[in-house]
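Report on the following structure.
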Amino acid sequence: MSTNEPNTELRRHFIRDIIEADIATGTFGGKVVTRFPPEPNGFLHIGHAKAFCLSYGLAEDYHGVYNLRFDDTNPVKEDPRFVEAIKKDIKWLGFDWEDREYYASDYFEQMYGYAVELIKKDKAFVDSQTLDEIRKNRGTIKSPGTNSPYRTRSIQENLDLFARMRAGEFEDGALVLRAKIDMASPNMLMRDPIMYRIRHARHHRTGDSWCIYPMYDYAHCLEDSIEGITHSLCSLEFEAHRPLYDWYLEQLNIHHSKQIEFARLNITHTVLSKRKVETLVSAGVVEGWDDPRLLTLSGLRRRGYTPQSIRNFIDRIGVAKSLSTVDFALLEHTVREDLNKRSNRVMAVLNPVKVIIDNYPADQTEEMQAINNPENPEAGTRLVPFSRELFIERDDFMEEPPKKFYRLAPGREVRLRYAYFITCTHVVKDASGTITEIHCTYDPATKGGNAPDGRKVKATMHWVSAAHAYDAEVRLYDKLLTVESTDEVAEGKTFMDYINPNSLEIRSHCKLEPSLAKAAAGDRFQFERLGYFSVDPVYSTPGRPVFNRTATLRDEWAKLRKK
RNA sequence: UGGGCUAUAGUAUAAUGGUAGUACAGCGGAUUCUGGUUCCGUAUGUGAGGGUUCAACUCCUUCUAGCCCAACCA
């Protein structure tokens, strides 16, 4: 039995079909080598996660290896701080590229050699046209281009000029090395594409050793070839580039990786392009690349998402070639699913109103035993202090409750979770009519939350003892955009005109149960009946945690209310 | 002188000539000390027309719609 036998449990998609066919026919010697090639010019988002989970996951599934390669061929856009951020994010998702951390810039010398080879084969030439002339002579989509007047330079002259380009004899833009293909090709990319341009710029790794830098199409296929990549996955917009990718490798007659394109990820109510995310960051709409409202991996991490939930999400959305926009609800579902199993429950009141239990002794405190995680008995129990004055959620009380509302109301009995049944007797309001105190009585026989006479209540509510409550800031997040897709922006507007003004709500005096005072950055909890929250690593200080809402709980009442 | 690609429920994806399935969302119900979780049930789909075949999401054909390509970006 071969170790490469397809695993039928794996989710099927067209790339698996291709790989399995290649394994079956012995193409690439039955090996699978993939790569993820980010340009270090920004942070990774969940769309990139789809890309590397796919490439890396496939390598794992078929017992191959995967590389991390920084595609750093444009020094004016790249920065080492992004290299570090990218590595951190990929590791966070659980991948280990071991020692296979490569940089396109490490191949510059080799790429230069291949370029010389192409010149010698009369497959490349140095062009002296200006940028404008090159553009004009490229033709249009519906009309052929015209050959550069310099296209017929001798091989010797091309060799000489190219060497002098490298030596730094020319200004930026003076010359360019071009592949000699076909200016009349219906594929614009095949019209003598540029291979090298002059950039007198300091590179973050090679310093000043180069002043000519290779273009993407020329560089990328060589990077894949040099590393022995078998299946080179990329997004759909590179489909038209494939003939060029193949052309360079054929001319050079070197290892030929197979480029396979798939549809990039889009998600409703957010932006997922590096350019748009950067716009939000630089305009100050969000607080940085790691703003919890962003679907950058650093933002999701800060928001409290688990790596597992993101990988589950990516697994479920599948892979195909049709443009698609995944419902944000699916991402929320996968994070709830994971957090439901792993996070401990606590009680926190985000919008507090005071409850006074008039028949409870003023000087008494009791410790109520609460279950930490009903999904995981091993999580054990804890004690929560209970006293005469408590806070409950303002939304959990209504003076004139509608039919389907079965929480606290005048004359009604409800259960305080793990504590007592209480009955509302009356409320006290301030001059403006706002309720300041809800007065109740409790039934001492219901301690722990059950009535010995078997009577039932419709609602169970969370609460926090006023005297023991811990004040904290809680940050509530909502969708970034008010529209599902940036396709919906009206004429003359941009996605920036559709930013949800309520995407961040800061509640500064929330009342938390005392056990939460020792929560540390990154800790995750379920605030009962409210949602999943995690301790913000940036704003929290020792002893003063700030919480981010990762996701709300599903809320049937909120749905009913809207109707 | 244009080329390349895509089309299956609301959304995302399976079905590779043989019962159109799964997940999320929706709706209805049961259970529940979280209006959570869990469980059960349910509506909704092959872009359109023609053809081949006993049989078509699948093959052929003609349309239609959408996306990508004219950076010295990746």
Side-chain angles (χ1 to χ4, degrees), chain A residues 11-14 17 37-39 41 71-74 76-78 127 130-131 134-136 138-145 172-178 184-191 194-199 212-213 215-217 219-220 234-243 261 263 265 268 274-275 316-334 336-337 340-341 345 347 370-371 374-375 404-407 415-419 421 448-450 456-462 484 526-531 552-561:
Chain A
R11 186 183 183 108
R12 300 304 314 172
H13 53 74
F14 76 100
D17 294 344
E39 182 185 20
N41 68 346
D71 202 4
D72 54 352
T73 57
N74 186 359
V76 302
K77 288 196 173 179
E78 295 149 12
D127 198 351
T130 64
L131 210 167
I134 289 177
R135 193 178 356 232
K136 200 179 303 164
R138 186 145 37 214
T140 70
I141 268 170
K142 297 197 175 176
S143 61
D172 286 8
L175 298 175
V176 96
L177 183 71
R178 291 232 248 171
S185 172
N187 181 347
M188 297 294 290
L189 291 155
M190 300 298 274
R191 320 244 262 227
I194 292 170
M195 295 165 60
Y196 273 91
R197 75 290 212 185
I198 300 173
R199 281 275 177 289
I212 57 171
Y213 292 94
M215 297 285 291
Y216 169 83
D217 287 300
H220 206 88
C234 63
S235 48
L236 249 32
E237 66 266 31
F238 291 101
E239 259 172 337
H241 296 242
R242 183 159 19 99
E261 309 87 9
L265 172 62
T268 59
K274 237 186 227 178
R275 207 205 94 243
R316 288 199 201 183
I317 57 175
V319 186
K321 294 189 72 163
S322 59
L323 296 179
S324 59
T325 302
V326 175
D327 195 337
F328 187 84
L330 181 58
L331 218 208
E332 282 204 302
H333 173 262
T334 54
R336 285 190 190 115
E337 179 183 50
N340 175 53
K341 283 179 290 185
R345 275 62 170 168
M347 292 196 284
I371 294 165
E375 306 292 321
K404 298 272 180 88
F405 182 91
Y406 50 80
R407 275 108 96 143
R415 169 168 41 231
L416 291 178
R417 187 148 216 219
Y418 302 125
F421 283 14
N450 287 301
K456 302 285 187 200
V457 287
K458 292 272 276 190
T460 298
M461 293 164 25
H462 62 281
E484 276 203 0
Q526 183 196 101
F527 288 2
E528 294 226 20
R529 304 208 301 139
L530 297 175
T552 61
L553 251 33
R554 285 184 61 199
D555 189 347
E556 287 295 324
W557 168 238
K559 250 189 246 173
L560 285 171
R561 213 184 191 169

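Below, read A as the first sequence line, B as the second, and so on, with proteins coming before strands; counting in each chain starts at 1.
Annotation: C24(B) and A20(B) have their P atoms spaced 23 Å apart (nearest Å). Here, U44(B) and A9(B) have their C1' atoms 5 Å apart, quoted to the whole Å. For the C1' atom pair drawn from A30(B) and A23(B), the interatomic distance equals 23 Å after rounding to whole Å. A gap of 9 Å separates the C1' atoms of A15(B) and U58(B), to the nearest Å. Going from the P atom of C73(B) to that of G17(B) covers 46 Å, rounded to whole Å. Using atom C1' as the reference point in both G51(B) and U13(B), the two lie 30 Å apart (nearest Å). Comparing C39(B) with U8(B), their P atoms sit 30 Å apart, to the nearest whole Å. Spacing of C1' atoms, G47(B) relative to A65(B), comes out at 7 Å, to the nearest Å.
In this structure, Arg316(A) places its CZ atom 8 Å from C1' of C24(B), rounding to the nearest Å. Rounded to whole Å, the distance from CZ on Arg191(A) to C1' on C72(B) is 18 Å. Atom CD1 of Ile134(A) and atom P of A71(B) are 11 Å apart (whole Å). Rounded to an integer number of Å, the gap from Asp72(A) CG to C73(B) P is 15 Å. Counting to the nearest Å, the C1' atom of C24(B) and the CZ atom of Arg336(A) are 11 Å from each other. The NZ atom of Lys404(A) sits 12 Å away from the C1' atom of G28(B) (whole-angstrom rounding). A straight line from CH2 of Trp557(A) to C1' of U32(B) spans 19 Å, rounded to a whole angstrom. What separates CZ of Arg345(A) from P of U34(B) is a distance of 11 Å, to the nearest Å.
In terms of phosphate contacts, Arg529(A) brings a side-chain nitrogen or oxygen within less than 4.0 Å of OP1 or OP2 of G35(B). For the pair Lys559(A) and G26(B), the criterion of a side-chain N or O lying under 4.0 Å from OP1 or OP2 is met. For C24(B), the OP1/OP2 oxygens have a side-chain nitrogen or oxygen of His333(A) closer than 4.0 Å. In this structure, Thr334(A) does not reach the C24(B) phosphate: none of its side-chain N or O atoms is under 4.0 Å from OP1 or OP2. The shortest distance between the side-chain N/O atoms of Thr73(A) and the OP1/OP2 oxygens of A74(B) is below 4.0 Å. Residue Arg554(A) has a polar side-chain atom (N or O) positioned under 4.0 Å from OP1 or OP2 of U37(B). At U13(B), one or more side-chain N or O atoms of Ser322(A) fall inside 4.0 Å of OP1 or OP2 (strictly under the cut-off).
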Worked verdict on His220(A) versus Thr73(A) for side-chain contact (heavy atoms from CB on, under 4.5 Å): CA-CA 9 Å; His220(A) 206 88; Thr73(A) 57; over 6 Å; no
Candidate pair Val326(A) and Leu265(A), rule side-chain contact (heavy atoms from CB on, under 4.5 Å), full reasoning: CA-CA 7 Å; Val326(A) 175; Leu265(A) 172 62; 3.8 Å; yes
Chi angles and distances behind the side-chain contact (heavy atoms from CB on, under 4.5 Å) call for Asn74(A), Arg197(A): CA-CA 10 Å; Asn74(A) 186 359; Arg197(A) 75 290 212 185; 3.6 Å; yes
Full working for side-chain contact (heavy atoms from CB on, under 4.5 Å) between Glu484(A) and Phe328(A): CA-CA 9 Å; Glu484(A) 276 203 0; Phe328(A) 187 84; over 6 Å; no
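A salt bridge does not link Lys274(A) to Glu39(A): none of the charged nitrogens lies less than 4.0 Å from a carboxylate oxygen.
The residue Tyr213(A) sits apart from the nucleic acid: no heavy atom pair falls under 4.0 Å. Lys341(A) comes within 4.0 angstrom of no nucleic acid atom, judged by non-hydrogen atoms across all strands. Contact annotation for Leu553(A): base contact, defined as any heavy-atom pair under 4.0 Å involving a base atom. Within the nucleic acid shown, Pro37(A) has no heavy atom closer than 4.0 Å to any nucleic acid atom. Across all strands shown, Glu375(A) has heavy atoms under 4.0 Å from base atoms, whether or not it also approaches the sugar-phosphate. Base engagement by Asp17(A) is indicated by at least one non-hydrogen atom pair under 4.0 Å involving a base atom. Within the 4.0 angstrom heavy-atom criterion, no nucleotide atom of any strand lies near Tyr196(A). Within 4.0 Å (heavy atoms only), Met215(A) reaches sugar-phosphate atoms of the nucleic acid but no base atom. Across all strands shown, Asn450(A) has heavy atoms under 4.0 Å from base atoms, whether or not it also approaches the sugar-phosphate. Base contact: Leu560(A) has a heavy atom under 4.0 Å from a base atom. Residue-level contact check: Glu239(A) touches the backbone only, with heavy atoms under 4.0 Å from sugar-phosphate atoms and none from bases. Among the atoms of the strands shown, none is found under 4.0 Å from any heavy atom of Thr552(A). No engagement by Val457(A) is indicated, since no non-hydrogen atom pair under 4.0 Å with the nucleic acid exists. At a threshold of 4.0 angstrom between heavy atoms, the contacts of Phe421(A) with the nucleic acid are absent.
Between the NE2 atom of His462(A) and the CD atom of Glu528(A) there is a distance of 9.0 Å, given to the nearest 0.5 Å. Atoms CD and CZ, on Glu337(A) and Arg316(A) in that order, are 4.0 Å from each other to the nearest 0.5 Å. Atoms OH and CG, on Tyr418(A) and Asn450(A) in that order, are 11.5 Å from each other to the nearest 0.5 Å. Atom NZ of residue Lys321(A) and atom NE2 of residue His13(A) lie 13.5 Å apart, to the nearest 0.5 angstrom.
Nearest approach of Arg407(A) to Ala459(A), heavy atoms of both residues: CA-CB, 3.8 Å. Taking all atoms of both residues into account, the shortest heavy-atom contact from Asp71(A) to Glu78(A) is O-OE2, 3.6 Å.
If you check C73(B), U34(B), U13(B) against the side chain of Arg197(A), the one that comes closest is C73(B). Nearest nucleotide to the Leu131(A) side chain, out of C5(B), U34(B), C72(B): C72(B). Nearest to the side chain of Phe405(A), among U11(B), A12(B), G35(B), sits G35(B).
Applying the 90° criterion around 0 to the glycosidic angle, A65(B) comes out anti.
His241(A) and Tyr216(A) have perpendicular rings, their planes meeting at more than 60° on a 0 to 90° scale where under 30° would count as parallel.
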Base versus backbone protein contacts along nucleotides 65-70 of chain B [heavy-atom cut-off under 4.0 Å; B, S, -]: --SSBB
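Between Phe405(A) and Trp557(A), the gap from one ring centroid to the other is short of 6.0 Å.
Pairs of Watson-Crick or G-U wobble type, with distances under 3.5 Å, assemble into runs of 3 or more in RNA chain B at these ranges: B:2-7 with B:64-69, B:10-13 with B:21-24, B:26-30 with B:38-42, B:47-51 with B:59-63.
Evaluation of atom-type donor-acceptor distances gives no pair under 3.5 Å for the side chain of Glu261(A) against the base of G4(B).
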